[in-house]
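Report on one structure; see the data block that follows.
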Number of protein chains: 2
Amino acid sequence: MALRDAILVSLGDGPMSGYDLAKHFDETIGFFWRATHSQIYRELAKLKDRGLVTSEHVPQSGRPNRILYSVTDKGREALLEWSRQPAAADPVKDDFLVRLYGLEHMDMDALLEHLNQRLEGHRERLAKFSRIAAEARPRTLGELGRLRGLEIGLRYEREWAQWCEETLQALSPENIARFDTVVPLDNKKGRPKQ
Amino acid sequence: MALRDAILVSLGDGPMSGYDLAKHFDETIGFFWRATHSQIYRELAKLKDRGLVTSEHVPQSGRPNRILYSVTDKGREALLEWSRQPAAADPVKDDFLVRLYGLEHMDMDALLEHLNQRLEGHRERLAKFSRIAAEARPRTLGELGRLRGLEIGLRYEREWAQWCEETLQALSPENIARFDTVVPLDNKKGRPKQ
DNA sequence: TGACCATATGTGCAAAGTGTCATATGAAAC
DNA sequence: GTTTCATATGACACTTTGCACATATGGTCA
């Protein structure tokens, strides 16, 4: 139940509406935790019921009114209590690695293409994170923590990018040629090319 | 919907029972994908309904009978088709990084303790993966793919371990002393020590 | 003898998460 | 003029996931 806490942490930066939070989850905190707007609105309703946040209606002209949420003392206490609980280690769940595990049964051309796409994504995020990290000058504890988060994101993207390059090399036609002597039974239809 | 495919890939190694698969998910494929036995049994039932696997009852003496599942041609086709679909990038979801983001609102002592625990886990898995990788001599495409999977696991654990060390350093009492001038309002009860 | 463990397959239920639709409005693009 | 976009909140259906429980049996250990 960490969506609750991800929201409370986000509201620590100041009052936000559900819409703001959804954007915040897409951008800032998005590397660590994801949530859709429907999930967020539902969770906000629960948080309000339990008294962890308060809401305030802000009329707007032209656009729909906003509902600004703020953390209460009870909410801050809940956060503190949460931080004492053991942190759930996030299990990696990766489609692509499952495919690699069953490499013999896959469409190799498609796999290489996906690998290239993936490499590109990792490179882009690596460049973005590097740029932000280079300019960071943490002055508060909060900023220090966020910089450490950025740092693991950076390492993560860097390693994945390098791994993609290595894997593209390892799975290049020249390199897999010698493995092709072992053709699995079920690939008679599956791999017409090469 | 990749649990389906993770099961089909696992069954590519040969017929297995639900119980076998659950163990397989705990051990071999566990770094990429996780599933509990209840999830697996339910998914197997669905797969059988759709004709992607067949089942065979194997009587045993003493223990409950096993039900061995095998992939059908239709199942192999489904796998191949799946491998052509874009691979879903796995969103990182990490309690601990959310806490770091809201570092000002957390219990620092507890956080440092969790960080140490985490470091230990990463080190253990790093050692384990290194050991396995050192002995690997891939002879088939499948083995090559599994080695590549192991390689990213290794890199992942290595970077996390290093990051934990760096972060422990960065959040050591000496280093955060100068940040302590900015004491958040809500920490009056939260951080009695230090 | 009784508790517990490993094997083996399942069900029930609640929580968590995803995707789509509904509603409302002004501004900009075509 | 009509579509589309950005803002803004919410309902609803659906799937996925995880936990606890149910059932069955033989072996091990205290």
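In this text, all values refer to a predicted model and were calculated from it rather than measured experimentally. To find a chain, count down the sequence lines: A is the first, B the second, and so on, and within it residues start at 1.
In this structure, B/H24 atom NE2 and C/dT7 atom C1' are separated by 19 Å, rounded to whole Å. One atom, CZ of B/R66, and another, P of C/dT7, lie 10 Å apart when rounded to the nearest Å. For B/Y19 and D/dT25, the OH to P distance is 17 Å, given to the nearest whole Å. To the nearest angstrom, P of D/dT9 lies 10 Å from NE2 of A/H57. As rounded to whole Å, 15 Å separates atom P of C/dA8 from atom CG of B/L44. When the C1' atom of D/dG10 is taken as reference, atom CD1 of A/I67 falls 9 Å away, rounded to whole Å. In this structure, B/Q60 atom CD and C/dT7 atom C1' are separated by 8 Å, rounded to whole Å. Regarding A/R63, its CZ atom lies at a distance of 17 Å from the P atom of D/dC5, rounded to whole Å.
Here A/Y41 reaches the OP1 or OP2 of D/dT9: one of its side-chain N or O atoms lies under 4.0 Å away.
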Decide yes or no on side-chain contact (heavy atoms from CB on, under 4.5 Å) for B/V71 and B/L47, but give the supporting numbers first. CA-CA 9 Å; B/V71 190; B/L47 286 173; over 6 Å; no
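Salt bridge status for B/R155 with B/E151: present, with a side-chain N to carboxylate O gap under 4.0 Å.
Ring geometry, B/W160 versus B/H122: the interplanar angle falls under 30°, so the pair is classed parallel (tilted spans 30 to 60°).
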For nucleotides 14-24 of chain C, just jot down a letter per nucleotide in 5' to 3' order: B, S or -, based on protein non-hydrogen atoms under 4.0 Å. --SBBB----B
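Taking the six-membered ring wherever Trp is involved, the centroid distance between the rings of B/F31 and B/Y156 falls below 6.0 Å.
By the 6.0 Å and 45° rule, B/R99 stacks over the aromatic ring of A/W82.
Looking only at distances, no side-chain donor or acceptor of A/E43 sits under 3.5 Å from a matching main-chain atom of A/Q39.
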